[in-house]
2 protein chains.
Amino acid sequence: MVSMVHNHLLFIKTIDNMPKNIPINSKRVTIKDLAKELNTTTSTVSRALHGHGTISEGMKSKVMELAKKRNFSINRYAANLRSGSSKTIGVIVPRINRDFFSNCIAGIEEVTKGAGYSIHIAQSHDILSNEKEIIKSMIESNVCAILISIGLQTTEKSHLDQLSYYGIPFVFFDRAISESSYNRVLIDDFKGGYLATKHLLDMGYKNIAHFSGDQNLEIYQNRTKGYLAALEHHGIPFNDELISKQCLTSDCGEMSIERMMNLPNPPDALFSSSDYSALGALLFLKNEGVKVPEEFGIVGFSNESFTSLVSPPMTTVDQHSIEIGKNAAFACINILKNTNKVNTTSNIVIEPSLIIRETSNRFKTKHNRPNDI
Amino acid sequence: MVSMVHNHLLFIKTIDNMPKNIPINSKRVTIKDLAKELNTTTSTVSRALHGHGTISEGMKSKVMELAKKRNFSINRYAANLRSGSSKTIGVIVPRINRDFFSNCIAGIEEVTKGAGYSIHIAQSHDILSNEKEIIKSMIESNVCAILISIGLQTTEKSHLDQLSYYGIPFVFFDRAISESSYNRVLIDDFKGGYLATKHLLDMGYKNIAHFSGDQNLEIYQNRTKGYLAALEHHGIPFNDELISKQCLTSDCGEMSIERMMNLPNPPDALFSSSDYSALGALLFLKNEGVKVPEEFGIVGFSNESFTSLVSPPMTTVDQHSIEIGKNAAFACINILKNTNKVNTTSNIVIEPSLIIRETSNRFKTKHNRPNDI
DNA sequence: TTGAAAGCGCTAACAA
DNA sequence: TTGTTAGCGCTTTCAA
């Protein structure tokens, strides 16, 4: 009988009872076992398994063969304890189900794999206490380095200082602490915000609203700065009523745009620092019968895959997420290679691209093609 | 100078050079250090840190205080090597960026955390060799158990047999090997397929096409069986030309529906085992001017978040992903608790729910509300 | 090229 | 309640 979650959604249909998963080997084969069987020593077996040091071809193949035959599996804990290195890099993101972050991870995986490191993925769910726990656990597990995109709540950095204390290098990607003395791989968020806003102005929209995220995160600050700069370059004064600075979700997007549309002088366009809140606005406007892009232009940020699927397809800023991940991993591996040598800090900035789709293209100009799934 | 990825998408804007991340402590504090400083032994310190065994309150607080002061961090490798247990559960999914899987993981996280286990997340990208490598690495890292949703290519199970060999229990969730002798947490895919198809028939659609996935995966087989059963119950013969069995992507969905619409007797509805291929069909039909749901009904499968965002919002089958994750984790922890006791196999089946949105609702009946982001 | 020996940091049985 | 002792499985220095 298994324990079950009681829930109206659930229905336990069948519960079989039969013996299963009985350990066939209660004790794992160790290099000591292999050594004994081959009348040699553990050091020789260890050398043979790694091809390290000096080892005769004959002994090597004998060991390899027996290891296979006995289904030997190395004990990483023992190896890492002894060698002092885990060959593991920790990766921390707010959430794994955002296309942006999962693409970063894909890039990281590719590079770290090539360099012989494995990764440990963890998500903070944007909760600071989770982030702290994850870092604590990663220190305990002796990760060689950490790649991190911080959570929305991360205003203090004591847990990151811990990493420095333990000599564990870390590289921020995308969401970073605002200090260039850290290793960071960012996109040029200012430029992203500028391009997006300028594009709306070029399309003839006049009164451009803006959603952004918590301004203690540099990325949102910079997207907002880009927005303001574009307005300024066009000689348009900004209107505080048209800015919503804690608006990253679909729900918030709906509410914010509803409020703004009821202003005496409502906006005719929106640049949002988040695809999700841009989507909320789009859904609200469609529901109200406001025509997008004819009467209202929208540009989001991140190129989440749904942006190409909604109707009309949404203009957005692509962050080259895979490249961000690759660069962060490269920077990290470089640091690991150069430990004890000259320490350098890398601040890599990647250029964003505006992907023009239909929500902003009121003249139906042909632009670059939307991305498909 | 840091290494960089050369790519036309990239632009390395700034590269600072300044010393950073110099290890402050080249040597970590161990329990031995703490013991020496307190004039006691490592065993006492160990006991104090865990609250295990017998320890005086005075000694305990003295140890805790010093540990904090010296910024002590336990070495998990040493602890696990000695104790023989990692208190870690491996989680393997095809891809982390599917809402379905990330929700499963959220459910798993919740339950395992409560039980004192941490998880290691890995994605196979639906590639068998990756899956094998991940399992190998997890065996080496001595995970206590594995929760796995197998990849599309996983037709043989030698790597899973390895787990049994090493006595590592594993639980399948959603995508499983078709043998009830394994621990599995599934949804009733047959019922999901049946409900979806019956709903389309109830809505008056007559000629229902079907997309599914590789039939060596039981889940797709069963969704297809549900589809066929619903047709049969309505006395409708199935038409092989209206079934596409390797159709899980948006691209494939577009191509398949295009082919079918050119048949002498084209379909007027679609039940797809994948939201993605359903989406491809929807995009194609909209583009062709076919009215959904008036002229063509569509039901997808999985309740991916984009299904509520597309226009019109898509009817789909929800799999209660969080519940699946929770149940899989519960089953797993139960097995771990009962090691050496009676071994039971759990086959838990969760009921799917049809979420009726607009792509199938040609009479504009009020149904349950679509999910929001 | 191989072996001997030490020990990574911790836990846990046993003794005091 | 605390200390003694052994050793988890591996790597690595040094010696042969």
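Sequence lines set the chain letters: A, B, ... in the order given, protein chains first and strands last, and positions in each chain run from 1.
- Summarising the geometry, the separation between CG on Asp33(A) and C1' on dC10(D) is reported as 13 Å, rounded to the nearest angstrom.
- Every residue two or more places apart in sequence or in another chain was checked for a side chain to side chain donor-acceptor pair (under 3.5 Å) with Ser46(A), and none qualifies.
- Under the side chain to side chain donor-acceptor pair (under 3.5 Å) criterion, Ser178(A) pairs with no residue at all, not counting sequence neighbours.
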Would you tabulate the side-chain donor-acceptor contacts of residues 132-139 of chain A under 3.5 Å, counting partners in other chains and residues two or more places apart, or write 'none'?
residue	atom	partner	partner atom	Å
Lys132(A)	NZ	Glu156(A)	OE2	2.6
Lys136(A)	NZ	Glu140(A)	OE2	3.3

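- By the 6.0 Å and 45° rule, Arg95(B) does not stack over the aromatic ring of Phe101(B).
- Overall bending of the helix from dT1(C)-dA16(D) to dA16(C)-dT1(D), expressed as the angle between end axes built from five pairs apiece, is 30° (10° steps).
- Applying the side chain to side chain donor-acceptor pair (under 3.5 Å) rule to Asn80(A) yields the partners Tyr77(B); only residues at least two apart in sequence or on another chain are considered.
- The salt bridge (charged side-chain N to carboxylate O under 4.0 Å, His left out) contacts involving residues 80-92 of chain A comprise nothing, where partners must be two or more places apart or lie in separate chains.
- Between the NZ atom of Lys62(B) and the P atom of dT1(D) there is a distance of 15 Å, rounded to whole Å.
- Going from atom CD of Glu57(A) over to atom C1' of dT2(C) covers 15 Å, rounded to whole Å.
- For Ser149(B), there are no side chain to side chain donor-acceptor pair (under 3.5 Å) partners at least two apart in sequence or on another chain.
- Applying the salt bridge (charged side-chain N to carboxylate O under 4.0 Å, His left out) test to Glu65(B) and every residue at least two apart in sequence or in another chain returns nothing.
- In this structure, Ser56(A) reaches the dT2(C) phosphate: one of its side-chain N or O atoms is under 4.0 Å from OP1 or OP2.
- Whole-Å rounding puts the Leu49(A) CG to dG9(D) P distance at 15 Å.
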Subject >> Base-contact (B) and sugar-phosphate-only (S) positions in nucleotides 4-10 of chain C, heavy-atom cut-off under 4.0 Å, - elsewhere >> reply: B-BBBBB

